[in-house]
Number of protein chains: 2
Amino acid sequence: MINIFDIARIAGVSKTTVSRVINNQPGVREDTRIRILEAIEKLNYIPNQAARSLVSRKAGVIGVIYNEFNTSVYLKLANLLEDFASRYNYNIVFSSSNDDFNSKARYVQYFTGGAADGLILFGSDTRDKELVQKIININFPLVLIENHFNDLKVNNIIIDNFSGAKSAVNFLIGLGHSKIAHITGNLNHRAASDRMNGYIEAINSSGIKYNKDYVIYTDAGDSSGAAAVERLMSLAEPPTALFTFNDLQGYEAVQRAMELGVNIPRDLSVVGFDNIYELLRFIPSCIRLTSMKQPMEKVAEAAIKLIIDNIDNRNTKPRVISFDTEIYEGTSCIEVI
Amino acid sequence: MINIFDIARIAGVSKTTVSRVINNQPGVREDTRIRILEAIEKLNYIPNQAARSLVSRKAGVIGVIYNEFNTSVYLKLANLLEDFASRYNYNIVFSSSNDDFNSKARYVQYFTGGAADGLILFGSDTRDKELVQKIININFPLVLIENHFNDLKVNNIIIDNFSGAKSAVNFLIGLGHSKIAHITGNLNHRAASDRMNGYIEAINSSGIKYNKDYVIYTDAGDSSGAAAVERLMSLAEPPTALFTFNDLQGYEAVQRAMELGVNIPRDLSVVGFDNIYELLRFIPSCIRLTSMKQPMEKVAEAAIKLIIDNIDNRNTKPRVISFDTEIYEGTSCIEVI
DNA sequence: CTGAAAGCGCTTACAG
DNA sequence: CTGAAAGCGCTTACAG
C-alpha cells in the first residue's frame with residue numbers, strides 16, 4: 001500500500017509537508033505543492049483513514065442508525081441529512097440494525113469506537129434505552145430522532161405527535177363529524193400513545209362524548225388497519241370519520257372499507273399521519289389520504305446542527321426540539337351531511 | 001478517553017492480554033478474562049476503531065454507495081445486504097451521493113482510504129467510469145451492482161434486462177397482442193437500452209411488424225410515462241398493449257390512460273419492470289401492475305459473496321454475474337379479444 | 001498463560 | 001517555507 005512516506009520520497013520532501021498538502025494547509029511553496037500533488041496522482045495515493053482518525057481524533061463522519069430501511073417518508077430524511085451534513089463538510093453513513101438488537105449494539109460500538117464523531121439514532125424503539133444510556137455514559141455526541149426516553153437527558157428531535165393528532169381530529173370535527181374513531185399504533189411506542197392522547201384530548205375538549213368502541217387498539221402491524229376498520233364498520237352505529245395512527249393503516253383501512261362497500265369519503269372520512277402520499281403520487285390510487293405531514297427538512301437540519309454542536313463541544317446541554325406537523329388535504333375527507 | 005492501557009492497569013495485566021480478551025482470542029486464564037471484562041464494563045471502555053483498523057489493516061466493514069435513497073425496490077436490497085453481511089461478521093454502512101459526483105468521489109475516497117475493506121457501488125451512472133477505473137487501479141475490492149462498463153474488468157452483478165424485456169413482451173404476444181408499444185428510459189443508461197433492445201428482439205422474432213410510432217423515447221423522468229401514453233393513445237391506431245421501462249412509468253401511464261377514458265386492461269394491457277408492487281400493496285390502487293421482478297435476495301447474496309471473496313483475495317479474477325427476472329402477474333393485462 | 005517491544009500511517013507541536 | 005520527533009491506541013510476532 002502506498003503511504004505518505006512513499007509520496008514524500010518521490011516528491012523529495014518530508015512527510016510533514018505532504019501532510020500539509022493533503023490537508024490543504026497553507027504555508028507550502030506552490031511548486032512544492034504541485035510536485036507533491038503530481039506524486040499523489042501518479043501513485044494513486046489515498047491517505048489512510050484509520051491513521052488520520054487515530055491521530056487527529058476525529059473521523060469527519062456522522063453515523064446514523066436506522067431500525068430498518070423501509071419505504072417511508074423517513075427515507076427522504078436520509079437524503080436530507082446527507083445534504084445538510086455535506087454543507088458542514090461531514091460525511092454521513094447509514095446503517096440498519098434490521099430490527100435486531102445485537103446488530104444495533106454492534107453498530108453503536110462501531111460508531112462510538114471512533115468510526116464516527118457523532119451518532120444519530122433514528123426511530124422509536126423502547127429497547128434502545130440501555131444502549132442510549134451507555135452512549136451518554138461515555139459522553140459521546142448523540143442525537144435521537146423520533147425516539148424519546150423521559151428519564152434520559154439527551155439531544156432529542158421529536159415530532160409533536162400529540163398536537164398533530166389533536167389537529168387531525170379537530171379537522172374532522174370542523175367538518176361536522178362527531179362519530180370519530182381512532183386506530184392506535186403500538187402503545188409501547190411513544191409516538192402511538194401521544195397520537196392516541198391527542199385524539200382523546202380533541203374529542204374531550206370539543207364536548208363530543210368519548211366512545212370507547214371507537215378506539216381500536218393495534219400494534220400497527222401488517223393488516224392492522226384492515227382488521228380494525230372491519231370491526232368499526234360492523235358496529236351498530238359505525239363512525240363517520242376515522243383517524244389512524246399512520247398512513248399505512250389509513251390506506252389499508254380505506255382499501256378494506258371500500259371492499260366492504262363503504263364509500264370513501266362519503267360514508268367515512270379518513271385522516272392518517274406521516275403523509276406518505278408524495279412518495280406514491282405516481283400510483284393510480286382512487287384516494288389521496290388526508291394526513292399530518294412532518295417537516296422533514298427542518299428535522300434534518302436540526303439534527304445535523306445539534307450533532308455538530310455536540311461534536312464541537314461535548315459539554316453542551318442536551319436539547320429537546322419539537323416540531324409541529326401540518327395537515328395535507330387529500331381526497332379522503334368530506335363534510336358530514 | 002479510556003484506552004486499552006487504562007484497562008490493563010485496572011485489571012493488573014498487560015495490554016497484550018487485554019487485546020486478547022477484546023478479540024475473543026484463546027489462551028487467557030478464565031479469572032484473568034473475567035477481571036478484564038469487569039474493568040471494561042466498569043470504565044465503559046470501547047476499543048478505538050481507528051487504531052484497530054490501522055494495525056490490523058482491516059476495518060470489518062463493507063461500504064455501499066447509492067446514488068440516492070429512494071422509494072424503490074432497491075431499498076429492500078439494502079436490508080438484504082445487511083442481512084448477508086452480518087452472517088459473515090461484517091458491518092455494512094451505506095452512503096448516498098445524492099446524485100452529486102463530488103460527493104460520490106468523497107465517499108469513494110473515504111471507503112477506499114481504509115474506512116471499509118471493500119466497496120459496493122450500486123446503481124447505474126455513466127459518470128462513474130473514471131472513479132471505477134481509479135478504484136481498479138489501486139486494486140481495492142469492488143463490486144458493481146446494476147451498473148456496467150464494457151471495457152472495465154470488475155466484479156459485476158447485473159440483471160438481464162434484455163431477456164427480461166423480451167419475456168415481458170413475449171408475455172403480451174402470448175395474450176394475442178400485436179400492437180405493442182414501448183416507453184423507453186434514458187438510453188444513456190445501459191438498463192434502458194437493454195430493455196428497449198429486448199422489446200425489439202421480441203417483436204422481430206415473433207413476426208410482428210415493427211412500428212416506430214409505438215416506441216416513445218423518454219428520459220424516465222417524472223411524468224414521462226404520462227406524456228408518452230398520451231401520445232400513444234392519440235395515434236390513429238393506438239396500441240393494445242404497452243411495455244414500459246419501469247413501474248413508475250407504468251403506473252403513471254395507467255393513471256393517465258384511465259384519465260383519458262382508456263379502460264385498463266380492456267383497452268390497454270400494461271407490463272412494467274421492477275415490480276415495485278409489493279412495496280405498495282397497502283395502497284388502494286385500482287390496478288396491480290404486471291411487471292418483471294428482480295431477484296433481490298440473490299443479488300444481495302451474490303454481491304456479499306463476491307466482495308468478501310475479493311477482500312480475502314485481492315487477486316481474484318473479476319466476475320460478472322447475471323440474474324434473470326421473472327414475471328409478476330398483476331391485473332393490468334388481459335387477452336386480446 | 002502472559003508481557004515487552006515494534007510498528008501500523010498519519011498529524012501535531014516545535015524548531016529552524 | 002520545511003523537517004525531525006513524538007505519539008495517537010491498538011495488534012502482532014516473539015520470547016518466556
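Keep in mind it's a predicted model, so treat the numbers as computed, not measured. In what follows, chains carry the letters A, B, and so on, assigned in the order in which the sequence lines appear, proteins first and then strands, with residues in each chain numbered from 1.
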Side chains of [X] and [Y], heavy atoms from C-beta outward: is any pair under 4.5 Å?
| X | Y | answer |
| --- | --- | --- |
| B/V64 | B/V93 | no |
| B/L77 | B/F122 | yes |
| B/N155 | B/I307 | no |
| A/I158 | A/N147 | no |

Taking the minimum atom-to-atom distance to the side chain of [X], which one of [options] wins?
| X | options | answer |
| --- | --- | --- |
| B/T16 | D/dC10, D/dA13, C/dT2 | D/dA13 |
| B/T32 | D/dT2, D/dA13, C/dT2 | C/dT2 |
| B/K15 | C/dC10, D/dT12, C/dA6 | C/dA6 |
| A/T17 | C/dT11, C/dC10, D/dG3 | D/dG3 |
| A/V13 | D/dG3, D/dC14, D/dC10 | D/dG3 |
| B/V55 | C/dG9, C/dT12, D/dC10 | D/dC10 |
| B/S14 | C/dG9, C/dG3, D/dC10 | C/dG3 |

Problem set entry | Watson-Crick or G-U wobble partner of C/dC1, both distances under 3.5 Å | D/dG16

Exercise. C/dC8 phosphate, OP1 or OP2: any side-chain N/O from A/N48 under 4.0 angstrom?
Worked result: no

For this session: Verify the contact: side-chain N or O of A/R29 to OP1 or OP2 of D/dC1, cut-off strictly under 4.0 Å; return yes or no.
Result: no

Exercise. What does A/R57 touch in the nucleic acid at a heavy-atom separation under 4.0 angstrom: a base, only the sugar-phosphate, or nothing?
Worked result: sugar-phosphate

